[in-house]
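Everything below concerns the one structure shown next.
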Amino acid sequence: MLSSSIIKLVGAPIEIGTSEPGAVMGPAALRTAGLVRVLQDLGHTVHDLGELSPDGTLGQRTLSAIRAWTTEISSMVETALDEGHLPVVVGGDHSLSLGSIDGALRHCARTGRPLFVLWLDAHADFNTLETSPSGNVHGMPLAALCGEPGFEALFEAGERPLLDPARVHLFGLRSIDAGERALVTQRQVNIVDMRTIDEFGVVAPLRRILDRVAAANGHLHASFDVDFLDPTIAPGVGTTVPGGATFREAHLIMEMLCDSGLVGSLDVVELNPFLDERGRSARVLVELVASLFGRRIIDRPTEVPPLET
Ligand SMILES: NC(=[NH2+])NCCC[C@H](N)C(=O)O
Ligand SMILES: [Mn+2]
Ligand SMILES: [Mn+2]
């Protein structure tokens, strides 16, 4: 992350992409846990745009109701990036990434830089309307962004830049539906699943991804789903899956992303304060965001300390 960036923060209290109510309170809980203050204390300027509330979507769980969110989030992210700022969208369910990634794609289409997505999530979120067992749109945003058919109603009419599935990196995957498993394989989505992390840790697989983005002079969009974390440290999410990233692994990932300087836009999604335990998950998320934006334990490059002889 840049040493002092201008961060454009916006809350997207959307929950119509899921069947579990409560994510609507996510932005408020992250603010209560000190999100803005933590970023300012690290020396960043935060332009807080408040909470989005697109018209006419209350309670409706249709693709066109989600389009109202997609459109607003997309233009906010695109504008922030055009101005050279770093957009942070806090949710809200994962369907908000339809907007943030669409906005980043539109920006990148102008700059010519390729867009890479790091999807930190227990799930692939690559279902289509056909493969989805739940019908919940928060399980579909990547498929829609990559141009799978059936999602036209989620976006404004007209041409839109598509996400290249070969530039999507799923990280932390441990729950996938049968149809979406076939689809991510067919589309050549890159996957670091929990099995890989068990074997190799987070450092080697993440470094490969970062090297790839750096070599391509790419823009990296990071999308952080709370359920990437193990439910013992972050219970406040509607779709917990056991066996997630530990506290240490998650911080190390954030620190590596920070050191890389490659992250150009960020989502923090799926926090459900109604399911949380006294704000624990919200606090963990704010701490992780702090690591991503430059907080370190001590100020020197990491190295193995020399042995005393
Ligand atoms: N963003 C999420 N939490 N997605 C969970 C998706 C779960 C499941 N694969 C579904 O499509 O319904
Ligand atoms: Mn997700
Ligand atoms: Mn998930």
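Each ligand, and each atom within it, is numbered from 1 in the order the structure gives.
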If I take atom [atom1] from residue [X] and atom [atom2] from residue [Y], how far apart are they, to the nearest 0.5 angstrom?
X: L142; Y: L183; atom1: CG; atom2: CG; result: 10.5 Å
X: H219; Y: L115; atom1: NE2; atom2: CG; result: 5.5 Å
X: T185; Y: I191; atom1: OG1; atom2: CD1; result: 6.0 Å

Would you kindly specify which portion of [X] sits under 4.0 Å from ligand 1, judged on non-hydrogen atoms: side chain, backbone, both or neither?
X: D225; answer: side chain
X: D125; answer: side chain
X: T18; answer: neither

Sub-4.0 Å atoms of ligand 1 with respect to non-hydrogen atoms of [X]:
X: G139; answer: 6 (C), 11 (O)
X: E180; answer: 9 (N)
X: D227; answer: 3 (N)

Name the closest protein heavy atom to [atom], giving the residue it belongs to and the distance to 0.1 Å.
atom: atom 2 (C) of ligand 1; answer: H138 ND1, 3.4 Å
atom: atom 8 (C) of ligand 1; answer: D177 OD2, 3.5 Å
atom: atom 3 (N) of ligand 1; answer: T239 OG1, 3.0 Å
atom: atom 11 (O) of ligand 1; answer: N127 ND2, 2.9 Å
atom: atom 12 (O) of ligand 1; answer: S134 OG, 2.5 Å

message = Taking a cutoff of less than 4.0 Å between a non-hydrogen atom of the residue and any ligand atom, is M140 in contact with ligand 1?
response =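 Checking ligand 1 against M140, which is what was asked, there is no heavy-atom contact under 4.0 Å.
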query = Which option out of E20, H94, H123 puts a heavy atom nearest to atom 5 (C) of ligand 1?
reply = H123
Under 3.5 Å donor-acceptor, R61 side chain and I16 backbone =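 Checked: pair present.
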inquiry  = Looking at H94, is its backbone amide N or carbonyl O close enough to the side chain of E270 to form a donor-acceptor pair, meaning the two atoms are under 3.5 Å apart?
reply    =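 Side chain of E270 to backbone of H94, a donor-acceptor pair under 3.5 Å: yes, one is there.
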Whether [Y] and [X] form a salt bridge (side-chain N of Lys/Arg under 4.0 Å from carboxylate O of Asp/Glu) is what I want to check.
X: D230; Y: R174; result: no
X: E199; Y: R195; result: yes
X: R106; Y: D102; result: yes

query = Within less than 2.8 Å of the Mn ion (ligand 2), how many protein N/O/S atoms are there?
reply =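 Excluding waters, the total comes to 4.
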Looking only at heavy atoms, which two atoms of [X] and [Y] are closest? And how far apart?
X: C258; Y: F293; result: SG-C, 4.3 Å
X: H107; Y: E78; result: N-CG, 4.2 Å
X: C146; Y: V168; result: SG-CG2, 4.3 Å
X: A80; Y: K8; result: CB-CG, 3.8 Å

